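Residue indices begin at 1 and follow the sequence shown. Note that ligands are numbered from 1 as they come in the structure, with each ligand's atoms numbered from 1 the same way. Values in this document were obtained by computation on a predicted structure and should not be read as measured data.
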Amino acid sequence: VKQAPPALAHLAYELRVLAQEGLLRERPAPLSPEAVSFCSNDYLGLASRTCTGLAGAGASRLVAGERAEHAELERECAAWLGADAALAFSSGYAANLGTLAALAREGDLLVSDERNHASLVDGARLSRARIAVVPHVDANAVEQALAQSRGGRAWVITESYFSMDADSPDLAALRGLCDQRGAALVVDEAHALGVFGPEGRGLCAAAGVVPDVLIGTFGKAFGASGAFVAGCKELIGWLWNRARTFVYSTGMSPACATAALDGLRVARRSPHLRGSVLANAKRLRHGLHGIGVSPLGHGHIIPWVLGRAESASEMSSKLAARGVHALAIRPPSVPTGTARLRLTVSAHHTERDVDRATAAVRECLE
Ligand SMILES: Cc1ncc(COP(=O)(O)O)c(C=O)c1O
């Protein structure tokens, strides 16, 4: 039997305690078609009467919301990533909030990159662990913070591809530091999955790094909505029991699980889509460089720092007037004085679309 990684080994014990106390909750067996359910919240009986017959789970998955679509999505997601198991959440926000709050406890240390997404920040706060916010993608700072760990468990929390800066931490270095210190590595791959790595398995896979907890969303490259956490069986068992955004919330809609699985399957077997989005990114970055604009980072998110919030909004409006939509990102989403325009490319864009964006930016700068 495969064991949990060292940083999560305690979860096997915690789950045993729950079992001894008669409090362990496990995935329910599917109801037989003849059974009559008296535990759903589908009060008007509409969840299964829509055009798809799959609209609502009807209840939390622990209560009566478990559907075959959930298990299928989770099985394929785990298999794709080479993880033991996965758990679907109704959003990435819920996944991050519920996961961090369920894993870290008072007395633990959470080492968190200063640019981590709000959902990671809020999950860290809810956990009541001590939080060390470290400078962006700074492995030395992570090392120093881990050295301050006293007694409790330590958790290193990062994104693999930061959506506001389009940059990445040194995941192999973070893995090494976590191993040295017995800390767990938690990586949110929301913006990397589907685009980077073999079969779109993300930047951890590309770097040959196995995080203890991997979070991904279905609302980005997979074109659906919802999210998942992947890792060892003990992790998923613990989240099933203790992630409050999972336990106390209606299960992901089966319609959404079906859409997410379809997106995952297509993304997985479509290297040409990954090739297109990255080729478009290269073309736009190259075009912008050619007109004196130096965007941050690498890849399909292309942030152009303009400084003042007004400058970013103004540039966004000027581009919109030319039929090019690019969002102005302002504080508090980014630090004051670093408001930016964020252009994200897709496999759907043609070379003409990309060149049109470059031409529009050039006109706005004239
Ligand atoms: C890094 C990251 N994690 C999580 C989320 C939240 O995902 P969702 O939109 O599915 O709630 C986002 C943004 O939406 C994100 O950028």
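Side-chain contact annotation: Y93 with D122, donor-acceptor N/O pair under 3.5 Å present. E189 and S160 form a side-chain donor-acceptor contact under 3.5 Å, judged by distance and modelled atom types alone. T99 and N96 share no donor-acceptor pair across their side chains, judged by distance under 3.5 Å alone.
Smallest separation of non-hydrogen atoms from G58 and T250: N-CG2, 4.1 Å.
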What verdict does the side chain to side chain donor-acceptor pair (under 3.5 Å) test give for S270 and H272, after you've listed the backbone C-alpha separation in whole Å, the side-chain angles of each residue and the deciding distance to 0.1 Å? CA-CA 5 Å; S270 304; H272 61 284; 4.5 Å; no
For ligand 1, find each of its N or O atoms that sits under 3.5 Å from a protein N or O atom, and tabulate the pairs with distances to one decimal place.
residue, atom, partner, partner atom, Å
ligand 1, 3 (N), D188, OD2, 2.6
ligand 1, 10 (O), G92, N, 2.7
ligand 1, 11 (O), G92, N, 3.1
ligand 1, 11 (O), Y93, N, 2.9
ligand 1, 14 (O), K220, NZ, 2.7
ligand 1, 16 (O), H191, NE2, 2.6

Check residues 208-224 and write down every donor-acceptor pair under 3.5 Å in which the side-chain atom is one partner and the other belongs to a residue at least two apart or another chain.
residue, atom, partner, partner atom, Å
D212, OD2, R175, NH1, 3.1
D212, OD2, R175, NH2, 3.0
D212, OD2, L185, N, 2.8

